[in-house]
There are 2 protein chains.
Amino acid sequence: MTVASKTVSDVIHSHFGALTRAEKQLAESLLDNYPVSGLGSITTIAENAGVSTPTVVRMVQKLGFKGYPDFQAHLHQEVEATISNPIAKHDRWATNAPGTHILNRFADAIIGNLRQTLTGVDTATFDSVAQLLSDRKRSLYFVGGRITGALAEYFFTHMQVIRPNTALLSANSSSWPQYVLNMSPGDLLIIFDIRRYEQELVSLATAASKSGAEIILFTDQWASPAAKLAKHTFRVQIEAPSAWDSSVVTLFIVEALIEAVQNSTWDETKERMKTLEGLFEQTRLFRKLG
Amino acid sequence: MTVASKTVSDVIHSHFGALTRAEKQLAESLLDNYPVSGLGSITTIAENAGVSTPTVVRMVQKLGFKGYPDFQAHLHQEVEATISNPIAKHDRWATNAPGTHILNRFADAIIGNLRQTLTGVDTATFDSVAQLLSDRKRSLYFVGGRITGALAEYFFTHMQVIRPNTALLSANSSSWPQYVLNMSPGDLLIIFDIRRYEQELVSLATAASKSGAEIILFTDQWASPAAKLAKHTFRVQIEAPSAWDSSVVTLFIVEALIEAVQNSTWDETKERMKTLEGLFEQTRLFRKLG
DNA sequence: CTCACTCTGAAAAATTCTTTTCATGACAGT
DNA sequence: ACTGTCATGAAAAGAATTTTTCAGAGTGAG
């Protein structure tokens, strides 16, 4: 590499005195709105600067680059450095852990997943789903796969407290038809399906669709085939430094939804929670007496 | 201009469902380190994504661009917008969300929890627990409370694949005594108990201790009363901008443990997973993904 | 199992970009 | 005015990039 560790801008400045008229004109055009102005083809920047393409070639070679592609590669690196620095630079996580400890590696991966997932999730989608889930008139059905069943259960457990008409479909698909039988148009089927997508869930989604139920899908970045049937889909980044996929970010979305739903109908929810507390107390009392 | 005012990222996301396998692979590659990854020539990005150049052309046309140059011109505009507007960088979190959207508030909170938890967790403890869980001679018993039951189930589901002698205690405490009856000295009882600590779990922990079982506890920063009986305790930050506590970081620790255990006995685990795959194939529960 | 279909990348064709060549013109010194 | 030097861009040559074509592989339906 001819030019090391100095920015292209630096190089231009240091050579500026040795440039000819047309080259100075070009250099100023490049420095104006640097470094973006150098992103296009040699033809483009020559036109923008009002010079000919040979002038561009001559100048970048004079600056020490092998040719225009070499020059542009350096610019790209700088653009990358400028763009991709911000929040990511966390100062080491677990203080007393070596940098390669699984906890730190995992943390890095999860933060990356979270970031990517959030840039991919449309807040309008999120809000729509929250509103659908808040609608008491719609019954809710939760279902997950072998691994994601626990997420479905977690979601269900909370929603059951917040509102009526919620059901958790068991892992055993033989009982699913009876649930589908009861689905009315407007009801919601919340499906968790990440890779090693389960064919049965697609069948379930199809059947539910025919009953008029609307489907909300939590899946991974590669998207379950059920996505075609879903009204709203959350595509979550699930990759971890592990033989297993990570459900952490999925759980994150679920918890955010729980809060959004609860928040939209807090008065009613509060009442339900109070009642529930009372019921728990009574149960404990039963136990103690028994 | 074919595509107006939407970012290339948006366009990719909105078309993602309609993309084919190779195209999704390419889209992932582009979104990873976006938008810099799309700065090079079509050949470069095709190579980076591991697809052919025709795939790139087909995808960008499917996305609504005239061709690759058109696509890249849009990217350049975005890079320019991003660079020349420093404020825009920070809200790359959730794209078009105001800073106070629940998703962003939640993300901030979770990152904080994660950071705090990791500085609090001793890696020696983590490694000890991983080693205990790897020991085939010890039987594992998982149990959780009303909310945390799903976490116990999640942990159990994975460990069941990785190693033999695992059991999930049902939510119904009436069946617990039979499990305690079978516990031998050295067995492990993994308890999840976060606030609104459940008295029954303390009773269970006490009984298990008397049988010689060792207790691993996942609890919150205030620590469940069962902590006194536990050999190892993970104190996790659980506060979220919500009426509910967050289980995200707890799940994070669980997944890291799963990986650590699996990694320490990978050969054996691999065999088990293969066998399991075979069983699934036989029952046609799973289906190869496309 | 067969057939129709889609997806995919190798390779060719078309296009665009990059570099080189070269003629022109400006200018300084003789 | 003449000559040599240099800067510059038009245009050609050379290299790439981009697009199109096409055949094989894979998939799903019947």
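Remember, it's a predicted structure, so these values are computed and weren't measured experimentally. Note on naming: letters A, B, ... go to the chains in the order of the sequence lines (proteins, then strands), and numbering restarts at 1 for each one.
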Check step by step if side chain to side chain contact (heavy atoms under 4.5 Å, CB included) holds for B/Tyr68 and B/Ile45.
-> CA-CA 11 Å; B/Tyr68 185 73; B/Ile45 70 162; 3.6 Å; yes
Looking only at heavy atoms, the pair that brings A/Ser128 and A/His232 closest together is CB-NE2, 3.7 Å
Rounded to the nearest angstrom, tell me the gap between atom CG in A/Leu26 and atom P in D/dA7.
-> 15 Å
Would A/Arg138 and A/Glu214 pass as an ion pair if we require N to O under 4.0 Å?
-> yes
When the distance from CD of A/Gln25 to P of D/dT8 is rounded to whole Å, what number comes out?
-> 9 Å
Within the 6.0 Å centroid threshold, strictly below: B/Phe106 and B/His101 = no
Any ion pair linking A/Glu23 and A/Lys62 (charged N to carboxylate O, less than 4.0 Å)?
-> yes
Shortest non-hydrogen contact from A/Thr117 toward A/Arg235 | CG2-O, 3.8 Å
Which letters describe nucleotides 12-20 of chain D, given B = protein heavy atom under 4.0 Å from base, S = only from sugar-phosphate, - = neither?
-> -----SSBB
For A/Tyr197 and A/Asp220, run side chain to side chain contact (heavy atoms under 4.5 Å, CB included): C-alpha distance rounded to whole Å, both residues' side-chain angles, the deciding distance at 0.1 Å, then the answer.
-> CA-CA 10 Å; A/Tyr197 310 115; A/Asp220 54 46; 2.6 Å; yes
Where does the chain A footprint on DNA chain C start and end, counting 5' to 3' with a 4.0 Å heavy-atom cut-off?
-> C/dC17 to C/dT20
Please test A/Leu140 against A/Asp187 for side chain to side chain contact (heavy atoms under 4.5 Å, CB included), starting from the C-alpha separation and ending with a verdict.
-> CA-CA 6 Å; A/Leu140 305 186; A/Asp187 284 356; over 6 Å; no
